[in-house]
Structure formats: C-alpha cells, structure tokens
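Working notes, beginning with the structure itself.
Per chain, numbering begins at 1; letters A, B, ... match sequence-line order. Heavy atoms only: backbone and side chains are in, while hydrogens, waters and symmetry mates are out.
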Protein chains: 2
Amino acid sequence: MPGPNKLRNTGCPVTFALDTFGDRWSLVIIRDMLMKGCRTYGEFLESSERIATNVLADRLQALEASGIITKSQDPENRRRVLYRLTPKGIDLAPVLLEMALWSGKHDPNTAAQKDFLDRIENDRDGLVEAFRARAMERDQTG
Amino acid sequence: MPGPNKLRNTGCPVTFALDTFGDRWSLVIIRDMLMKGCRTYGEFLESSERIATNVLADRLQALEASGIITKSQDPENRRRVLYRLTPKGIDLAPVLLEMALWSGKHDPNTAAQKDFLDRIENDRDGLVEAFRARAMERDQTG
DNA sequence: ATTATCACTTGTCTTTCACAAGTGGCTATT
DNA sequence: AATAGCCACTTGTGAAAGACAAGTGATAAT
C-alpha cells in the first residue's frame, strides 16, 4: 500500500488516482506490463529497477485488489502465475504517456529515446491501441 | 522527498517522472496551484486534504529544487511568500487531467464532477490554456 | 512592548522501505 | 517414492519516511 491511511476519500479524481497508484513502484510495474509486456513475478524482478521482492508482492496484491491487474495460472506451466492488465489497467496508458512526454521535455537525461517520444505525439492513439492489443493477447482463451 | 534513494537514473522517462513527483502529496499541491489557484502556504494547508505542515514545507522545497515551482515575496504583503508554477510545472497539467479522466471513468465516487470531466475531453487544450493563463497571472510584474 | 501571523522546525511515534533469508507448493528427474 | 529445484511469495531486521503536535524566529500591525 502506497500511503499510510491510503484512501483520502475526498471525491477528488486526482486524489483517488494517487491513492490507487501514486507511489514509487505501482506505475513502474504497470509500465513493465504495458510497454515491455512483462507478465510474471520473475520478469518484474528483472525488469523493474531493483524493486524488493516483498514490495513487488505487495504492489501486485494491491493492484489486483484495485482491479488494475488480474492473476491467473499459466496454461503452459501450471506452477507459474500470469499477471495481466485489466481494461481499467490498460486505461492508465495515457497517464504514463503524458508522464513520458513531460520527462522527455524537461529531463535532458531522457532525450535518448526521442523517437519514442515523437511517436507519442504523432501516433498516440495507435500506440495506446498497440498496448491494448498486446495486453489482451491470449486473454480468456489460453 | 518522495522515495528513499530518490533518483533511480535509469533514463526511463516514467521513472524520472515518478522520482520527481511520484509521491502521495506533490501532485496534490500542484493540483491546488493549477486548478484551485492556491499560492500561499496557508492556502495549501486549508485546501490540501490534511497535509502535515512539515510534509508541505518539504514538498514545496523539493518542487522548487526540481524547478516545478518558484518562491517569491508577495508585493502586497511583505511577510507573505507566493508560490507559483513554472512552465515546467504548468506542463504537468496533461498528466493531472489524464489521471482525472481515469478516475472519472473507473471510480464511482468521482462521478459527481462529470461536467468537469466532460470539459477535459471536449476542450482539453482550452482547459490547459486557462490553467496556464492563471498560473502566469501577475508573473514577473507584481 | 504586545500580540498575531506566517513559514517553517523540532520531537515523537508509527508506518513503509530495502535487503536478506526462509517457507510451502508444484514439477521434473531419478 | 524420494529428491532436487524453481517459483511466488512471506518473514525478519534496521533504516528511512510518514503523520501529528508543539515550538521557533522573523515580520508586522497595534
């Protein structure tokens, strides 16, 4: 859980969003799922920058409780769990993209990935759709 | 400061953004400035939902250090300090608006402010421009 | 000089964080 | 059937950050 009391329950949409995923790691995990296609505990550990195992386990639970991700058994390997974004989670793509645009504009260190930033501005909807398509892949069927 | 080690320095724009304002309070303060026009320490204390004084002081310092806000003396009351958004801070408007849209779509409790959410979708650029105009008000001149 | 406001600062206690190590369930191998 | 190994956590520990209450120094009006 990000904050201490967690829900401020003010009715403010900004506050609600922050109480749901406004911590240091939740959006990093969602980025890994959305942009890198990560789906397993091990993939998150490798991809996410030095996230502690207990923090990862805690965030995955919290994101599932919030309805942003779901857990399911991997049909190809029964001892493996697959985490997937729900539509609610996929809808966070625009938030991540706006954050990326902001960093691209104001952080000199982020300049490297300029072609990606250009695509956000020129083909935003296409990008979001590509994320959605991959996230939905083999959903409900495998 | 939001996180412990703060800067993860991975070059990832999402990580950079989270390291800069990805905590429970920074975006609430920026929301108050951008959407409610708050400019003074006292206004933040009243408006922000129960933010502790030391946390507020800390975040204001951190946001100033990040170049997102500036401090200046109020010309009408010399013992009062005015906090203002810089262009870098104003550029966070789209992030806040996307978060608001997400909450509006997925939080039943946020439904109340539907007309505002409609305006985000129908007149996003106008809304951002209005925020910018107010944030710039009397800047450099008073 | 007194009083009040503002913008913090300090102190205390609670919660969260990161890192390391341990646990139970499942599977493949022998 | 027994063993070994991987996976997905869970637990333990010390450090850091959090909330809340109270105090401080600078300024300004009275």
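- The side chain of B/Arg24 lies closest to D/dA19 when the candidates are D/dA19, C/dA18, D/dT10.
- Residues passing the side-chain hydrogen bond (donor to acceptor under 3.5 Å, both in side chains) test with B/Thr15 are A/Arg31, A/Glu49, sequence neighbours excluded.
- With rounding to whole Å, B/Leu82 atom CG is found 13 Å from C/dC6 atom P.
- Atom CG of B/Asp23 and atom P of C/dT16 are 15 Å apart (whole Å).
- Computed from coordinates, the B/Glu43 CD to C/dT5 C1' distance equals 15 Å when rounded to whole Å.
- Side-chain N or O atoms of A/Arg24 include none that pairs as donor or acceptor with a backbone N or O of B/Asp23 at under 3.5 Å.
- Rounding to whole angstrom units, CG of residue B/Asn54 and P of D/dG23 are separated by 16 Å.
- Candidate nucleotides C/dC19, C/dT10, D/dT10 were compared by shortest atom distance to the side chain of A/Arg50, and C/dC19 ranks first.
- For the pair B/Leu45 CG and C/dT5 C1', the computed distance is 13 Å after rounding to whole Å.
- The ring pair (Phe, Tyr, Trp, His ring centres under 6.0 Å) analysis of residues 23-76 of chain A, with sequence neighbours excluded, yields no pairs.
- By the salt bridge (Lys or Arg N to Asp or Glu O under 4.0 Å) test, B/Lys105 is found to be paired with A/Asp91, residues two or more places apart in sequence or in another chain being considered.
- No engagement by B/Thr40 is indicated, since no non-hydrogen atom pair under 4.0 Å with the nucleic acid exists.
- When each of B/Val55 and A/Trp25 is assigned the nucleotide of DNA chain C bearing its nearest heavy atom, the one mapping closer to the 5' terminus is B/Val55.
- Under the salt bridge (Lys or Arg N to Asp or Glu O under 4.0 Å) criterion, A/Asp123 pairs with A/Arg119, not counting sequence neighbours.
- Comparing D/dT11, C/dT27, D/dA21 by their nearest atom to the side chain of A/Arg78 picks out C/dT27.
- Contact check, B/Arg59 against D/dG18: a side-chain N or O comes under 4.0 Å of OP1 or OP2.
- Across the protein-nucleic acid pair, A/Asp58 atom CG and D/dT10 atom C1' stand 12 Å apart, rounded to whole Å.
- Every pair passing ring pair (Phe, Tyr, Trp, His ring centres under 6.0 Å) that includes a residue from residues 84-117 of chain A is listed here, sequence neighbours excluded: A/Trp102-A/His106, A/Trp102-B/Phe21.
- Atom CG of B/Leu56 and atom P of C/dA7 are 10 Å apart (whole Å).
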Could you list all N or O pairs between the protein and nucleotides 1-7 of chain D that sit under 3.5 Å apart?
from, atom 1, to, atom 2, distance (Å)
D/dG5, N2, A/Arg79, NH1, 3.4

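- Side-chain atoms of B/Thr86 come within 3.5 Å of backbone atoms of B/Gly67 as a donor-acceptor pair (strictly under, hydrogens ignored).
- Note: CD (B/Glu76) to P (D/dA28) measures 15 Å, nearest angstrom.
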